[in-house]
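The structure appears right after this line, and notes come after that.
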Amino acid sequence: MRKAPLSLLALTVAGLLAGCDQGPDQATVVAYAASAQPADPALAEIYQRSCQACHSRGTSDAPLVGDETAWQPRLEQGMDTLLTHVVEGYGGMPPYGLCMDCNAAEFEQLIQFMSHYPDNS
Ligand code: HEC
């Protein structure tokens with residue numbers, strides 16, 4: 001389960017390609033999204049069974065984990081709106097993002113995790 005070397009490599013490549021001021025390029029974000037996990041094991045378990053299928057790869061319209069460009073306009077709606085959208089369902093996302101037993105605090109932590117790239121939070 002040690003993903004650190006891969007992440008470090010991705011970060012290094014991102015730094016070389018993108019320079020200092022820009023975020024990672026899209027290929028780097030896609031690579032990060034494919035394997036990223038919340039640090040908290042309990043949250044990671046929820047993420048794996050609920051959100052990961054849609055938010056870790058570009059197979060739906062879901063904003064990718066770590067794709068800050070995609071998340072920025074969504075974050076600007078405010079956390080309350082994001083939580084409402086997750087609970088009620090939004091576009092292609094089913095109600096509760098398929099986590100029926102999640103509470104608001106857990107959703108908020110998942111959104112924080114998914115909407116930030118670790119190098120650039
Ligand atoms: C079945 C696929 C699917 C699952 C599972 C899923 N999502 Fe999504 N999610 C989407 C799609 C598609 C969108 C974009 C919807 C749109 O903009 O029309 C989205 C958008 C979002 C948004 C942005 C809403 C907004 O107002 O812009 C948040 C926050 C979010 N998801 C959180 C989660 C969380 C947290 C989980 C797990 C508990 C989860 N999603 C699980 C498909 C999914």
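Heads up: numbering here begins at 1 and tracks the sequence.
For the residue pair Glu68/Gln72, the side-chain donor-acceptor check at 3.5 Å is not satisfied.
Transitive grouping of hydrophobic side chains (ILVMFWY, heavy atoms separated by less than 4.5 Å) keeps Tyr47 and Val30 in distinct clusters. Hydrophobic clustering (side-chain heavy atoms under 4.5 Å, transitive across Ile, Leu, Val, Met, Phe, Trp, Tyr) keeps Val29 apart from Leu75. Ile111 is connected to Phe113 through a chain of hydrophobic side-chain contacts under 4.5 Å among Ile, Leu, Val, Met, Phe, Trp and Tyr, so both are in one cluster.
Minimum interatomic distance between Tyr117 and Gly66 (heavy atoms only, all atoms of both residues): CB-O, 3.5 Å. When every heavy atom of Ala70 is checked against every heavy atom of Pro63, the shortest pair comes out as CB-CB, 4.2 Å. Across Trp71 and Leu64, no two heavy atoms sit closer than the pair NE1-O, 2.9 Å.
Rounded to the nearest 0.5 angstrom, Ile46 CD1 and Leu110 CG are separated by 6.0 Å. Distance check: Gln52 CD to Met114 CE gives 10.5 Å after rounding to the nearest 0.5 Å. Asp67 CG to Arg74 CZ: the interatomic distance, rounded to the nearest 0.5 Å, is 10.0 Å. With values rounded to the nearest 0.5 angstrom, Gln37 atom CD is found 8.5 Å from Ser56 atom OG.
Here Asn103 pairs with Ala105, Glu106 under the side chain to side chain contact (heavy atoms under 4.5 Å, CB included) rule; sequence neighbours left out. Shown here are the disulfide (SG to SG under 2.5 Å) partners of Cys102, two or more places apart in sequence or in another chain: Cys99.
A salt bridge links Arg49 with Asp101: the distance from a Lys NZ or Arg NE/NH1/NH2 to an Asp or Glu carboxylate oxygen falls below 4.0 Å.
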Table please: side-chain donor-acceptor pairs of residues 78-98 below 3.5 Å, with sequence neighbours left out.
residue: Thr81; atom: OG1; partner: Gln77; partner atom: O; Å: 3.2
residue: Thr84; atom: OG1; partner: Asp80; partner atom: O; Å: 2.9

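Between the side chain of His55 and the backbone N or O of Cys51 there is no donor-acceptor pair closer than 3.5 Å.
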